[in-house]
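These notes are about the structure you will find just below.
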Amino acid sequence: MIFGLCDVNNFYVSCERSFDPRLNGRPVIVLSNNDGCAVARSNEVKALGVKMGAPLHQIQHLVKQHNFAVFSSNYSLYADMSHRFEAMIEKYTPNIEKYSCDEMFFQLDGQEHRGNLGAYMRQMVQDIKRGLGLPVCVGLAPTKTLCKIANHYAKSLSVAGGVLTLFSEYNLKNALEILPVNEIWGIGRKHTEHLAKLGITTALQLRDAERKWIRKRFSVVVERTLMELRGVSCLELNEVAEKKKQIVCTRSFGEKTESQTVLREAIGYHVSRACVDLRSQQSVAKSITVGIRTNPFSKQDRQCVRSVTIELPYPTDNTCDFQAAATQALNRIYQTGYKYKKAGIMLNGLSDKGVVQYDLFHRHQPKDDAIMQVMDQINARYGKDVLRCGSQGFEATWVMNSNRKSPRYTTDWNDIIGAS
DNA sequence: TCTGGGGTCCTAGGACCC
DNA sequence: TCTGGGGTCCTAGGACCC
């Protein structure tokens, strides 16, 4: 079996460029929620030394000087492009794991490419470029971790055709010898520091280290990484997307607020979002955590970070139950005199809706399910939050900044190119 | 003035059980 | 001075990922 990884170069930026070719060759960045940081950068921007997650206000001089095109993130566009990207790969192999919106792992059994794997994959790369306007790179190797590395080199070396394979010991050795450990999938900042103290700074050194010794000093995770570098596959392809084990919804506010009403409305909004998500995967949740905080970067504001978890009497997927619990939670943590910047909620203890055990005194109300179903249907048809809980309010004074969003080219009739 | 959001897995340690 | 052993479940916290 052969593993492959196909990922889109600078995904969000490439989506924007796909619908506006004038952006090609021009420095482009896409901002995080609330227009805070640069979360996607074109190669021109990377070449200027702008780091992933750089706060916009810190790079304003470059933005002006080099005439960056700057976009707020347009998630409905990116999600739609992601689906199309996945569908294109499916034409080449049925065994796909959607690892993230812009990365697909897959497996090839050696039959479909008729002896010329490279050509088969280059064809796929071309197809995606032509069909979606997205530039992608492919890495092929015996393990997922090595695929990541092959993909990394395909991209950073601008390999012709966008496909790089890592199979022979000769190629592997050369690739791993010059790769710093922190570039390995699964080795982050802490592990890098720790490894450096042990004299391990390159991928090759990690691969050839003593397995038991690494296991003892780190954990099975790093041990697995080591084995994967040796070409022993320890990570399988997960083709079926598993259900989420927790659902989180948090947002910063466009402006700071001291008002409990505004906090309650923001939290109400997040609860609604999370519950729709919960029901769509046919789960119920046991508890909800509500959190609020001030701006941690602010020097002059007094800081306050609070959160509380409320256990529900029974696991449920009912928005109203969670709204009531959330309001109760907010009452417990809210304190006057602070300028709050962010609020969020988390649904925990998820389980399958069908298999929940209720006790003797629980009266399950089929009516509640019907109400939620109707609410989901109406909102799906007429727009989200047409029907909502009162606690969400109607003003949404807290909404984040998103001033530079591109049109929803593929998901809104009015924004389709050519529509008047 | 301005700094994102949403996840997963693993381990250690405590509570509890027989 | 003496105070078992083995197991499971749960949670908090750390580390990592995109």
Side-chain angles (χ1 to χ4, degrees), chain A residues 5 7-12 29-41 50-61 63 70-73 75 78-79 82 97-105 144-145 148 151-152 181-195 215-225 234-236 238 241-256 266 270 273-274 277-278 281 286-287 289 291 293-301 307 309 311 339 341-350 400-404:
Chain A
L5 172 66
D7 92 333
V8 183
N9 308 342
N10 316 325
F11 182 54
Y12 294 174
I29 54 174
V30 176
L31 302 174
S32 62
N33 272 328
N34 224 11
D35 292 348
C37 312
V39 290
R41 304 151 292 155
V50 174
K51 294 271 176 278
M52 172 67 178
L56 178 61
H57 69 95
Q58 282 175 14
I59 54 169
Q60 276 300 0
H61 58 290
V63 172
V70 180
F71 292 91
S72 303
S73 31
Y75 293 111
Y78 309 148
S82 177
E97 172 188 342
K98 181 167 191 167
Y99 180 66
S100 75
C101 63
D102 67 330
E103 277 178 82
M104 307 286 162
F105 278 109
K144 285 168 115 181
T145 303
K148 275 279 200 182
N151 186 285
H152 165 81
V181 277
N182 63 298
E183 298 278 350
I184 304 169
W185 190 38
I187 305 295
R189 195 171 50 86
K190 291 282 182 182
H191 286 342
T192 300
E193 284 171 19
H194 192 169
L195 285 164
R215 166 72 216 242
K216 217 166 69 191
R217 279 172 176 70
F218 296 87
S219 66
V220 285
V221 184
V222 179
E223 184 191 17
R224 271 202 296 253
T225 300
C234 305
L235 302 169
E236 294 176 356
N238 304 312
E242 304 207 347
K243 290 186 180 184
K244 288 184 207 165
K245 293 164 184 168
Q246 59 176 200
I247 294 174
V248 180
C249 226
T250 65
R251 288 285 181 284
S252 298
F253 308 141
E255 283 169 23
K256 292 182 260 192
H270 299 324
R273 286 283 81 73
D277 215 6
L278 184 68
Q281 65 164 33
K286 206 166 63 176
S287 66
T289 303
R293 69 171 310 154
T294 48
N295 181 358
F297 298 103
S298 172
K299 293 268 189 300
Q300 74 271 19
D301 292 344
S307 73
T309 300
E311 208 62 37
K339 296 187 170 107
K341 179 65 177 172
K342 188 178 193 173
I345 68 112
M346 189 176 359
L347 303 181
N348 321 295
L350 271 59
M400 60 190 188
N401 300 316
S402 182
N403 300 321
R404 312 154 197 251

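On a predicted model such as this, the values are computed, not experimentally measured, just so you know. Convention: sequence-line order gives letters A, B, ...; per-chain numbering from 1. Values reported hereafter were calculated over all heavy atoms of this structure, with side chains retained and with hydrogens, waters and symmetry mates removed.
As judged by a 4.0 angstrom heavy-atom cut-off over every strand, Ile184(A) is placed among residues touching the sugar-phosphate backbone only. At the heavy-atom level, Cys101(A) lies nowhere under 4.0 Å from the strands shown. Residue contacts shown for Asp35(A) are absent, as no nucleic acid heavy atom lies under 4.0 Å away. At the heavy-atom level, Gln60(A) lies nowhere under 4.0 Å from the strands shown. Leu31(A) comes within 4.0 angstrom of nothing in the nucleic acid, heavy atoms only. Using a 4.0 Å heavy-atom criterion, one finds that Asn295(A) contacts the sugar-phosphate atoms exclusively.
More than 12 heavy atoms of other residues, nucleotides or ligands sit less than 6.0 Å from atom CD of Gln60(A).
In terms of phosphate contacts, Ser100(A) brings no side-chain nitrogen or oxygen within less than 4.0 Å of OP1 or OP2 of dC17(C). Taking 4.0 angstrom as the limit, Lys341(A) places none of its side-chain polar atoms (N or O) nearer than this to OP1 or OP2 of dC2(B). Between dC18(C) and Lys148(A), a contact under 4.0 Å exists linking OP1 or OP2 to a side-chain N or O. OP1 or OP2 of dT11(B) has at least one side-chain nitrogen or oxygen of Arg215(A) nearer than 4.0 Å. For the pair Arg224(A) and dC9(B), the criterion of a side-chain N or O lying under 4.0 Å from OP1 or OP2 is not met. Here Asn34(A) does not reach the OP1 or OP2 of dC2(B): none of its side-chain N or O atoms lies under 4.0 Å away. Taking only side-chain nitrogens and oxygens, Ser252(A) never comes nearer than 4.0 Å to OP1 or OP2 of dT3(B). Taking only side-chain nitrogens and oxygens, Lys342(A) never comes nearer than 4.0 Å to OP1 or OP2 of dT3(B).
Rounded to whole Å, the distance from CD on Glu183(A) to C1' on dC17(C) is 14 Å. Protein atom NZ of Lys244(A) is 14 Å distant from nucleotide atom P of dC9(B), rounded to whole Å. Atom NZ of Lys144(A) and atom P of dC9(B) are 11 Å apart (whole Å). The nearest whole Å value for the distance from the CD atom in Glu193(A) to the P atom in dG14(C) is 15 Å. The distance from atom CH2 of Trp185(A) to atom C1' of dC9(B) is 12 Å, rounded to the nearest whole Å. A straight line from CZ of Arg189(A) to C1' of dA15(C) spans 10 Å, rounded to a whole angstrom. In this structure, Ile247(A) atom CD1 and dG5(B) atom P are separated by 18 Å, rounded to whole Å. One atom, CZ of Phe71(A), and another, P of dG4(B), lie 21 Å apart when rounded to the nearest Å.
Using P as the reference atom, dT3(B) and dC18(C) are 25 Å apart when rounded to the nearest Å.
Nucleotide dC18(B) has dG5(C) as its partner under the Watson-Crick or G-U criteria, with both atom distances under 3.5 Å.
Here the nucleotide nearest the side chain of Gln246(A), chosen from dG6(B), dT8(B), dT11(B), is dT8(B). In the set dC16(C), dT8(B), dG6(B), the nucleotide with an atom closest to the side chain of Lys245(A) is dT8(B). When each of dC18(C), dG6(B), dG4(B) is scored by its nearest atom to the side-chain atoms of Cys37(A), the top-ranked nucleotide is dG4(B). Here the nucleotide nearest the side chain of Asn33(A), chosen from dC18(C), dG4(B), dG7(B), is dG4(B). Out of dC10(B), dC18(C), dT3(B), the shortest distance to the side chain of Pro55(A) is found at dT3(B). Here the nucleotide nearest the side chain of Thr250(A), chosen from dC18(C), dG4(B), dG6(B), is dG6(B). Nearest to the side chain of Ser32(A), among dG4(B), dG7(B), dT3(B), sits dG4(B).
Across all non-hydrogen atoms, the minimal contact from Glu97(A) to Asn238(A) is OE1-N, 2.9 Å.
Comparing Val220(A) and Phe253(A) by the nucleotide of DNA chain B whose heavy atom lies nearest to each, the residue mapping closer to the 5' end is Phe253(A). Along DNA chain B, the nucleotide closest to Val39(A) and the one closest to Gln300(A) are compared, and the more 5′ of them pairs with Gln300(A).
Remark: the Asn33(A) side chain and the Ser252(A) side chain contain no N/O donor-acceptor pair separated by less than 3.5 Å.
The aromatic rings of Tyr12(A) and Tyr75(A) stand perpendicular to each other, their planes meeting at an angle above 60°, with 30° marking the opposite boundary.
Between the side chain of Ser73(A) and the backbone N or O of Leu31(A), at least one donor-acceptor pair lies under 3.5 Å. Under the 3.5 Å distance criterion, the side-chain polar atoms of Lys286(A) are left unmatched by any main-chain donor or acceptor of Glu311(A).
The existence of a salt bridge linking Asp301(A) and Lys256(A) is confirmed by a sub-4.0 Å separation between a basic side-chain nitrogen and an acidic carboxylate oxygen.
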